[in-house]
Every structure is written in structure tokens, then in C-alpha cells.
Amino acid sequence: PTVSVRRECRTKVSLVCGEIIASHISSSAETCSSHDIKDLSTKSDNLSGALDEHERRTNVERWGLEETRRFYAALQQYGTDFTLMQLVFPGRSQRALKNKYHREERHHSNLVALALRARLSR
């Protein structure tokens with residue numbers, strides 16, 4: 001028997017003609033056999049503490065396309081002042097905004113730098 005694995009969506013951010021463009025990318029994981037699942041469950045038994053921590057964080061929502069666009073606009077307006085950015089994102093904590101900033105900085109450092117430079121040129 002096989003078990004299908006959930007579909008994962010990510011946001012791709014790029015710079016086109018001086019404009020920040022965000023779009024969705026989705027990828028479907030391959031199916032795996034029940035033997036693979038058993039191997040995975042054996043490994044996860046050793047990580048029960050990590051799984052407990054993950055269960056506590058289930059209310060964290062993924063960043064959508066429009067919300068990512070708003071994040072870059074807020075970054076241009078407020079810089080890295082995550083307290084002020086919370087005005088734009090009332091459902092997000094300062095920690096969530098800071099994590100988003102670091103994730104974007106890792107994956108799209110040129111766009112983060114562009115947004116911050118635009119803030120300085122005002």
C-alpha cells in the first residue's frame with residue numbers, strides 16, 4: 001500500500017523592471033510505501049520532544065502571496081521596526097515578522113536590500 005504526502009505551496013519573490021513580484025509555487029511530494037512510513041515513524045519516536053514543540057505551534061499560518069507583498073511594502077515604509085509593522089499585520093506577532101524578515105533575507109537578499117534602500121531614499 002502507498003500513502004500520498006501533502007502538497008506544499010511556497011511563495012516565489014522576484015524583481016522585474018524594478019518591481020517586486022510575488023507568485024505561488026506548488027510542488028507535490030511523491031507517494032511513498034508503507035515501509036518508508038514505518039521507517040519514518042521509528043525515527044520520529046526518537047524525536048518526541050521536537051514533535052511536542054511542533055504541536056504547540058500549530059496556529060502558525062503560512063504567508064500568502066498578498067501578505068508577502070504587504071510585507072515588502074511595510075519593509076519599505078517601516079524598515080526593520082517590527083513593532084510598527086504589527087500595525088499592518090495585526091494577526092502576526094513581532095517574532096513572526098522577524099522570522100519572515102530573516103527568511104526573506106536568506107532567500108531573496110537582493111529584494112530585501114532594495115526595499116530597505118527605497119526606505120532610505122525617501
Side-chain angles (χ1 to χ4, degrees):
T2 62
V3 177
S4 61
V5 181
R6 71 182 179 136
R7 188 173 172 199
E8 184 177 319
C9 294
R10 289 193 249 161
T11 303
K12 176 184 176 187
V13 182
S14 56
L15 180 64
V16 178
C17 300
E19 227 177 283
I20 297 172
I21 306 294
S23 57
H24 282 299
I25 301 173
S26 65
S27 62
S28 298
E30 297 293 323
T31 59
C32 55
S33 68
S34 59
H35 177 67
D36 295 335
I37 298 296
K38 286 177 189 173
D39 289 344
L40 183 61
S41 65
T42 304
K43 292 175 185 174
S44 69
D45 290 341
N46 298 331
L47 303 173
S48 61
L51 293 175
D52 292 340
E53 181 180 334
H54 175 71
E55 288 173 3
R56 281 182 265 150
R57 299 180 339 129
T58 55
N59 63 347
V60 176
E61 290 186 29
R62 289 184 145 305
W63 287 78
L65 178 62
E66 189 56 39
E67 205 172 23
T68 298
R69 288 183 180 140
R70 286 185 15 236
F71 175 80
Y72 275 100
L75 193 60
Q76 285 179 339
Q77 185 172 359
Y78 301 116
T80 56
D81 188 341
F82 302 112
T83 304
L84 287 175
M85 285 178 89
Q86 276 190 294
L87 298 172
V88 180
F89 301 98
R92 299 282 184 175
S93 67
Q94 284 182 346
R95 171 62 70 197
L97 292 167
K98 191 173 183 179
N99 288 343
K100 175 67 171 172
Y101 171 76
H102 287 297
R103 188 170 36 260
E104 292 298 319
E105 193 174 43
R106 253 190 333 269
H107 297 289
H108 308 289
S109 58
N110 56 340
L111 296 176
V112 171
L114 181 67
L116 293 174
R117 262 186 272 146
R119 179 185 178 350
L120 294 175
S121 66
R122 288 182 182 187

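This one's a predicted model, so the numbers in the text were calculated from it and none came from an experiment.
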Undergrad: Quick one: pull up CE in Met85 and CZ in Phe71 and give me the separation to the nearest 0.5 Å.
TA: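 Here the rounded value is 4.0 Å.
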Undergrad: Between Glu66 and Arg70, does any side-chain N to carboxylate O distance fall below 4.0 Å?
TA: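 A salt bridge is absent here (no side-chain N lies under 4.0 Å from a carboxylate O).
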Undergrad: Nearest 0.5 Å, what's the CG-CD distance between Asn99 and Glu104?
TA: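 Output value for this atom pair is 12.0 Å.
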Undergrad: Could you tell me whether the side chains of Tyr101 and Glu105 share a donor-acceptor contact shorter than 3.5 Å?
TA: yes
Undergrad: Is the shortest side-chain N to carboxylate O distance from Glu67 to Arg92 below 4.0 Å?
TA: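 Answer for the salt bridge query: yes.
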Undergrad: To the nearest 0.5 angstrom, please state how far the CG atom of Asp81 sits from the CG atom of Leu97.
TA: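 Here the rounded value is 10.5 Å.
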Undergrad: With rounding to the nearest 0.5 angstrom, report the OH to CG distance, Tyr78 to Leu116.
TA: 15.0 Å
Undergrad: Parallel, tilted or perpendicular: which describes the rings of Phe89 and Trp63, with under 30° parallel and over 60° perpendicular?
TA: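 Because their plane-to-plane angle is over 60°, the rings of Phe89 and Trp63 count as perpendicular.
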Undergrad: Hey, what do you get for CZ (Phe82) to CD (Gln94), rounding to the nearest 0.5 Å?
TA: 9.0 Å
Undergrad: Looking only at heavy atoms, what is the nearest atom pair of Ala118 and Gln76, with distance?
TA: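 Scanning both residues completely, I find the closest heavy atoms to be CB-NE2, 4.1 Å.
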Undergrad: Return the OG1 to NZ distance between Thr68 and Lys100, rounded to the nearest 0.5 Å.
TA: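 One finds 3.5 Å between OG1 of Thr68 and NZ of Lys100.
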